[in-house]
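For reference, the structure is listed below as structure tokens.
What's counted below: heavy atoms across the whole structure, side chains too, no hydrogens, waters or symmetry copies. Numbering of residues begins at 1 and proceeds along the displayed sequence.
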Amino acid sequence: MKIYLIKASAGSDYSKYKASTGGPPQNIFSAAAATPKWYKLDMVDETIGDQADLNIDADVIVIFMSTPDAYRAYDLASAYKQKGKTVILGGLHTHFNQQEAALHADSIIIGEVENYWVQLLGDAELGSLKPIYESSEPVDLSLLNPYPTDIIEPSTYDYVWSVVVTRGCPFKCNFCLVPRFFDKFQQRPIANIVRELEHLKSLGIEWVELHSDNLTHDRDYAMALFNAIEPLKMSFYGETTVLIARDKELLDAAAKAGFKAVLLGIETPSEDALKAQKKGFVKPSKMKEHIAEIKRHGIEVWGDFLFGFDEHDTSIFEQTQEFIKEIKVDKVIPHYMIPFPGSATFNQLEQEGRILTKDWSKYDGSHPVYQPKNMTVNELEDGIYWIWRKNASLKERMAAWFG
């Protein structure tokens, strides 16, 4: 039996953002890593511009999707079903929109794939596929196989790769789906990570995303990880909170380990908005000194900024621009706060009648999909474009204007 794994993408701005801030996508590569060797396997990542092969000779098609790429996934599912293929849908959008996704597939998968993947493939081979495969139990990360490097070549990602370090997040930000998908914050054994990195280095891979939604939440674990990977002499980047700046010993260890860039969810200079989103641990008044401390260690800071919180009015744009200039981040990533279905934010906005559209293609961080509380939709659009134009490089502006 042959399986074809697809990371669907409609070419949305959200997909481009995810592709630019991470290596290979976790869902298709996790499924590939969990696939027993006796099955034939192929896969495609549409987020990097490739297109799924509608004529592939696979028996089972497994399509993973995020919300803005849902319609692309459904179109692919329809095309494959017309060819008599067995179609399975997964990903975050499937997880939080099960009834909708089930209309387009023979089966849907919910939760971490490793818990039921072998059973699912066996059932598919016997023609006894269940309509849903679901697990709420956390995966034992000590049992994870490394991402395969022989199906989609590392050169496809310019030799930038990704290694799972943790899953889940201890924080419960209202707009975020991560803590609602992963029931628990878990860490992978460091020895397993080191072995995988050693193999990647032997393939010529020097840049690796240490994949975690909060890399330094557990200080002891992070220190042990940085000390263990330092001898590899590789370059790393990852995501954590600005609280890392308060721990100079940890920053020293990260820099010595080859940690070159960090993505921070700075979000907004509005303390009221941060508190409302359960992210009050981020203190705008401390941001300048925190970022300066991180940069003193030779680590670039990429700042994620969100707009459209209920605490924002039109003054937030100039306020944020002044904040950006003051704190001196190396890369500014501005976009709408996206109320993904399944998040606490989406549920609240829907109850208040403020969701403007359920056209999922618009949930890409570049379109307003809800009515802001203290500004018009046009004011929100114009403000974000103004922020982007102020901070985008010439290359980025040319790409946006001329495709």
If you compare all heavy atoms of Ala52 against all heavy atoms of Leu76, which two are closest, and at what distance to 0.1 Å?
CB-CD2, 4.0 Å

Do any side-chain atoms of residues 248-260 form donor-acceptor pairs under 3.5 angstrom with protein atoms, and if so which ones, sequence neighbours left out?
from	atom 1	to	atom 2	distance (Å)
Glu249	OE1	Arg219	NH2	2.7
Asp252	OD1	His297	NE2	2.8

For this output row, return yes or no: ring centroids of [X] and [Y] closer than 6.0 angstrom.
| X | Y | result |
| --- | --- | --- |
| His367 | Tyr336 | no |
| Trp207 | Tyr237 | yes |
| Trp360 | Phe340 | no |

Using a distance-only test with no angle check, is there a side-chain donor-acceptor pair under 3.5 angstrom linking [X] and [Y]?
| X | Y | value |
| --- | --- | --- |
| Ser30 | Arg167 | yes |
| Ser315 | Asp313 | yes |
| Thr376 | Asn378 | no |
| Ser162 | Glu209 | yes |
| Thr67 | His93 | yes |
| Asp53 | Tyr4 | no |
| Asn374 | Glu311 | no |
| Tyr74 | Glu100 | yes |
| Asn214 | Glu239 | no |

Are the side chain of Thr268 and the backbone N or O of Ser270 linked by a donor-acceptor pair below 3.5 Å?
yes

Is the shortest side-chain heavy-atom distance between Gln98 and Ile110 below 4.5 Å?
yes

List the atom pairs, donor and acceptor, that lie under 3.5 Å between side-chain atoms in residues 34-45 and the rest of the protein, sequence neighbours left out.
from	atom 1	to	atom 2	distance (Å)
Thr35	OG1	Ala31	O	2.7
Thr35	OG1	Trp117	NE1	2.9
Tyr39	OH	Glu125	OE1	3.0
Asp45	OD1	Thr47	N	3.0
Asp45	OD1	Thr47	OG1	2.6
Asp45	OD2	Thr47	OG1	3.1
Asp45	OD2	Tyr157	OH	2.7

Do other residues, nucleotides or ligands put more than 12 heavy atoms under 6.0 Å from Lys2 NZ?
yes

Look at the rings of Phe307 and His312 and say which category their plane angle falls in: under 30° parallel, 30 to 60° tilted, over 60° perpendicular.
tilted

